[in-house]
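Note sheet for the following structure.
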Amino acid sequence: MRKRLSLVLAATVALALSPAVPSAASTASTAGDPVDLDALFVGAHPDDEAFSLSTLGQWNEDHRVRTGVVTVSRGEGGGNAVGPEEGPALGLLRESEERAAVGKAGVREVFNLDDVDFYYTVSAPLTDQIWGADTLEKVVRVVRQTRPEVVLTMDPAPSPGNHGNHQQAARLAVQAFYAAADPKVFPEQITREGLRPFAPARLLLGGGRGTSQNGPSCASTFRPNNPAQNVYGVWSGRPSQAQGKTWAAIERDAQRTYASQGWAVFPDMPSDPNQLGCDFFTQVDSRVPFPEPGSAAAAAPTAILDGALTRASGAVPLGTLFGLRTSTFDVRPGTPFTVKVSATAPSREPLGRSSVTLGVPAGWQVSGSGELGRLSAGRTGTATFTVTPTAGTPTGGTGRARVSATLTTERGRGYTYRQVEISPPVRAGQQLLPQVAQYEKWTSEVGVPQLRGIVTPVLTLPSGGSRQVGVVVTNVSDAARSGTVRVDLPAGFTADRAEAPYSDLAAGASMTVPFTVTNSDPSLKTSNQGGDYAYTISVDGAVASKPALELVPAASVPQASPTVDGVAGDGEYPGPALDISRLWEGTACSSPADCSGTARLAWHDDTLYLLVQVQDDVLGTRLAAADCKRHWRTDAVEVTLDPRGTSENTSTTFKAAVLPVTAGSDVAGSATAGPPCFLRDADNRQGPGEQTAPGMRVASKVAPGGYTVEMSIPLELLPGSVDPAHLGLNILVYDSDTQDKTGQTRIGWSTWGGVQGDPYRWGVAALTGYRPPADRPVPDPVIPDTALSSLDSPQSLEQAVRVHVPLAGGPAAKEAESGQAVSATTGQEGVKVTLRSGAPGKAHLFVRDDQGTAGSRVVTVSRKGVTTVTVPLTRALAAHPAVVAGWEAPGGGTAASQVKVR
């Protein structure tokens with residue numbers, strides 16, 4: 001087709017059969033060359049690829065691009081709007097949904113890595129801790145096995161509300177782009193497994209930060225926030241010739257396949273193509289030439305494929321490598337830096353006489369020759385330039401610029417570029433949140449500085465309160481510096497000083513200059529209603545950065561002794577009511593009667609009391625008391641508590657949800673209301689309230705037009721002692737107006753996207769007079785750790801046989817330890833399966849036909865050789881029965897095989 005020469009890998013496993021065993025000629029197994037993919041999407045859960053399927057479908061239909069999807073987990077920690085399945089059973093359901101969804105775009109290969117999907121978090125560090133170090137190894141193995149030219153993934157940055165699992169999956173994909181090409185990374189994959197290093201051609205993130213118009217011009221009219229960034233668009237309004245509707249409509253049909261996530265109710269896409277936009281992708285890196293920004297080729301639907309899988313008119317031949325590297329990412333006016341450009345001709349095609357021309361911003365000086373000489377097949381030419389940004393180049397603080405190279409050969413032209421960041425001698429910025437600082441460190445360690453600075457630095461402070469804000473000053477010049485830092489705050493904020501000195505700051509060193517900032521106007525709006533209050537940090541009279549402050553609501557909790565009965569008695573809650581009616585996510589409330597609420601708090605001894613009154617004219621599904629979990633499926637009140645207001649993620653917090661009513665028993669054909677129930681979710685310890693929050697009490701009153709929930713929470717349940725002046729607190733209401741176990745609206749007190757996982761954005765409560773017991777322990781968090789194994793997924797086993805790629809990103813079983821099914825016949829008690837193995841192991845057997853799974857069994861095989869077992873059936877066999885078998889070898893590694901039932 002269009003691909004450059006593929007690498008040939010050693011067979012994963014081969015099995016010799018004795019003459020006494022029935023012929024295995026009809027047996028298929030994982031032995032053989034792995035599938036050769038063109039593109040690979042790396043996500044965290046089923047449905048993460050769902051908003052890129054318009055693009056993948058177009059590529060497949062128009063250019064025969066074969067795409068695979070890596071899914072790190074099967075989403076077992078998510079909700080289920082269609083049934084009672086949870087844990088591994090839910091993972092099996094969600095895998096089935098994913099395979100059906102991506103199939104609508106012509107994608108057949110889904111590589112599940114079997115990592116656990118735990119609760120919702122916005123923390124990549126916590127995700128990395130739970131998934132473990134071997135996940136990168138698995139992603140690298142899949143890349144080396146399937147050899148995709150284009151790697152697509154998600155947003156790796158801790159952008160507000162960005163799922164931590166999504167961040168970590170993207171970081172794994174970025175790391176694998178480089179690691180898979182390096183023979184020193186996971187060398188045993190090469191020396192023991194027979195794989196070879198593989199270097200994908202292009203790496204892109206899904207999405208783009210910027211603005212665009214809808215319609216056919218959505219790609220060409222995109223304007224990135226960072227003008228030095230390369231963002232490509234693929235218009236979703238193009239019709240599929242095979243399916244007779246727009247790719248946007250096909251993508252929406254695919255998304256509706258994720259019924260367990262409540263997506264079946266997604267509305268139709270607009271029928272007018274001019275109302276449809278693009279799927280956008282932001283380029284991170286490329287080893288091959290690509291279309292020049294602003295050119296017609298850059299706006300074409302093949303722009304991401306060009307240079308890797310397709311050849312644009314006038315471009316150099318496929319297989320040409322073209323790259324540019326700068327000696328530094330941070331450049332300063334008047335200070336030269338080095339640029340090296342290299343071009344390599346395809347292994348079987350010469351480029352002839354070749355040269356490169358460097359492109360830099362106007363006024364920058366360039367010296368050096370771009371002549372590469374004659375590039376014969378496989379030959380590399382290199383050119384080195386010295387570039388000096390013009391002294392006095394306006395930077396506006398820090399800014400990005402392009403350094404590009406154009407390749408001219410006898411066989412066509414090519415383009416590439418790199419970003420650099422223009423910096424003054426001294427930089428200054430607001431101290432970073434822990435997860436943002438960790439991300440910035442990651443970009444440096446992996447060598448992708450072009451991805452740093454994506455997240456606007458923000459810090460929160462309570463309404464009417466104060467906090468210390470550190471300004472980090474960094475000297476990027478070659479000599480010690482002294483000067484002045486200044487903060488210019490927006491109206492409603494004051495600081496203890498407007499400016500402060502820094503002195504004798506050594507070259508390359510940093511220091512923190514503290515300012516105490518106060519919200520002097522408590523009437524300013526908080527949460528997402530107020531948004532970011534941007535301000536300016538200047539160094540030595542020049543603007544250095546523009547961070548932001550965010551206000552969260554604050555409350556003083558009085559002392560009182562309420563009775564937990566669902567009724568606000570006189571004097572039980574003497575403090576003012578908190579407004580919990582702000583929209584957080586979903587559809588806005590149509591009126592206060594549709595959804596709104598207030599909350600009151602009190603404390604007594606070592607207990608916190610809350611009374612929440614919700615107006616709600618339509619109640620959602622009444623879940624059974626035994627199904628008191630995944631509270632976002634129906635009406636619920638969630639209370640979140642961060643003992644000291646300093647948690648980076650919710651694993652060190654307390655989060656409890658109360659369902660005001662459950663499903664009662666049928667009495668004379670009429671369902672009665674059951675009592676409230678409560679649970680803990682996505683925190684230090686999850687599960688039914690009676691088990692995970694002993695001593696917590698709840699009560700509710702449900703009436704026409706709404707409900708009241710009251711609760712008491714012993715503070716000893718919190719993971720650590722409470723800071724009486726800074727208890728992190730949020731109160732969130734989930735509203736459902738349907739009976740399909742889906743929520744439509746979320747409101748609350750401190751409201752931001754993803755706030756349920758972001759403790760730093762919760763409100764602040766002061767428990768005046770409360771004295772906590774000293775040294776209360778902080779227990780280790782309990783994190784779900786059960787994931788479905790691909791050995792127990794017949795669809796994963798069938799794929800492993802079909803594409804010759806071992807399960808779950810793991811290695812193949814050694815030949816001497818492998819096993820497979822060699823024959824299968826029907827009998828009175830089920831299907832008799834004959835196995836041959838080179839060692840003891842465990843076989844996971846599934847009888848499959850056109851209707852799905854008709855029987856399954858897991859068998860421990862105690863010796864090598866031939867073993868015969870019977871798999872009982874749960875129903876009569878339909879057409880085309882077969883047995884698919886997974887093999888778990890004693891020394892690690894897996895194999896899969898499939899044999900027809902006769």
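Keep in mind the model is a prediction, meaning the values are calculated, not measured. Keep in mind that the numbers below use all heavy atoms, side chains included, and drop hydrogens, waters and symmetry copies.
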Beyond-backbone contact of Phe186 with Arg144, side-chain heavy atoms, under 4.5 angstrom
yes
Going by the side-chain hydrogen bond (donor to acceptor under 3.5 Å, both in side chains) test, name the single residue among Asp128, Thr135, Thr127 that passes it with Gln168.
Asp128
Ion pair present between Asp627 and Arg622, side-chain N to carboxylate O less than 4.0 angstrom?
no
Mark yes or no for whether Thr246, through its side chain, and Arg238, through its backbone, hold a donor-acceptor pair below 3.5 Å.
no
One pair to check against side-chain hydrogen bond (donor to acceptor under 3.5 Å, both in side chains): Thr834 and Ser823. What are the steps and the verdict?
CA-CA 5 Å; Thr834 300; Ser823 70; 3.2 Å; yes
Going by distance alone, is a donor N or O of one side chain under 3.5 Å from an acceptor N or O of the other, for Ser790 and Arg74?
yes
For Leu791 versus Phe846, what's the shortest heavy-atom pair and its separation?
O-CE1, 3.5 Å
Exercise: do Arg99 and Gln799 side chains pair donor with acceptor under 3.5 Å:
yes
Donor-acceptor pair, distance only, cut-off 3.5 Å: does the side chain of Glu97 make one with the backbone of Ala259?
yes
Between Tyr120 and His163, how do the two ring planes meet: parallel, tilted or perpendicular, split at 30° and 60°?
perpendicular
With Val42 as reference, evaluate Thr71, Thr153, Val174 under the side chain to side chain contact (heavy atoms under 4.5 Å, CB included) test and give the passing residue.
Thr153
Give a yes or no on whether the backbone of Gln189 and the side-chain of Arg141 come within a donor-acceptor separation of less than 3.5 Å.
no
Can you list the steps and then say if Glu76 with Thr786 is a side-chain hydrogen bond (donor to acceptor under 3.5 Å, both in side chains)?
CA-CA 8 Å; Glu76 295 96 339; Thr786 303; over 6 Å; no
Leu113 backbone acceptor or donor facing Lys138 side chain under 3.5 Å:
yes
Run the side-chain hydrogen bond (donor to acceptor under 3.5 Å, both in side chains) test on Glu95 and Ser793 for me, step by step, so that the C-alpha distance in whole Å, both residues' side-chain angles and the decisive distance to 0.1 Å come before the verdict.
CA-CA 9 Å; Glu95 177 185 348; Ser793 166; 2.7 Å; yes
Among Gln795, Arg848, Arg875, the one residue meeting side-chain hydrogen bond (donor to acceptor under 3.5 Å, both in side chains) with Thr853
Arg848
Would you please indicate if the ring centroids of Phe41 and Trp59 are separated by under 6.0 Å?
no
Mind running side-chain hydrogen bond (donor to acceptor under 3.5 Å, both in side chains) on His45 and Asn165 for me, showing each step along the way?
CA-CA 8 Å; His45 319 101; Asn165 291 181; 3.0 Å; yes
Please report the closest heavy-atom contact between Tyr119 and Ile783, naming both atoms and the distance.
OH-CD1, 3.4 Å
Pick from Val831, Val847, Val869: which one makes a side chain to side chain contact (heavy atoms under 4.5 Å, CB included) with Arg857?
Val869
Taking Asp849 for the side chain and Ala878 for the main chain, is one N or O donor matched with an acceptor at less than 3.5 Å?
yes
Looking at Glu188, I'd like to know if its CD atom is crowded, meaning that more than 12 non-hydrogen atoms belonging to other residues, nucleotides or ligands lie closer than 6.0 Å.
yes
Main-chain N/O of Val234 paired with Asp279 side-chain donor or acceptor, under 3.5 Å:
no
Using modelled atom types only, decide if a donor and an acceptor are shared between the side chain of Thr874 and the backbone of Ala854 within a distance under 3.5 Å.
yes
Set out, in order, the CA-CA distance, both residues' side-chain angles and the distance that settles salt bridge (charged side-chain N to carboxylate O under 4.0 Å, His left out) for Arg630 and Glu86, then state yes or no.
CA-CA 10 Å; Arg630 302 191 296 272; Glu86 57 184 332; 3.4 Å; yes
Glu888 side chain to Gly893 backbone, donor-acceptor under 3.5 Å
no
Treating Asn80 as the side-chain partner and Glu85 as the backbone partner, does any N or O pair qualify as donor plus acceptor under 3.5 Å?
yes
Using modelled atom types only, decide if a donor and an acceptor are shared between the side chain of Trp632 and the backbone of Thr742 within a distance under 3.5 Å.
no
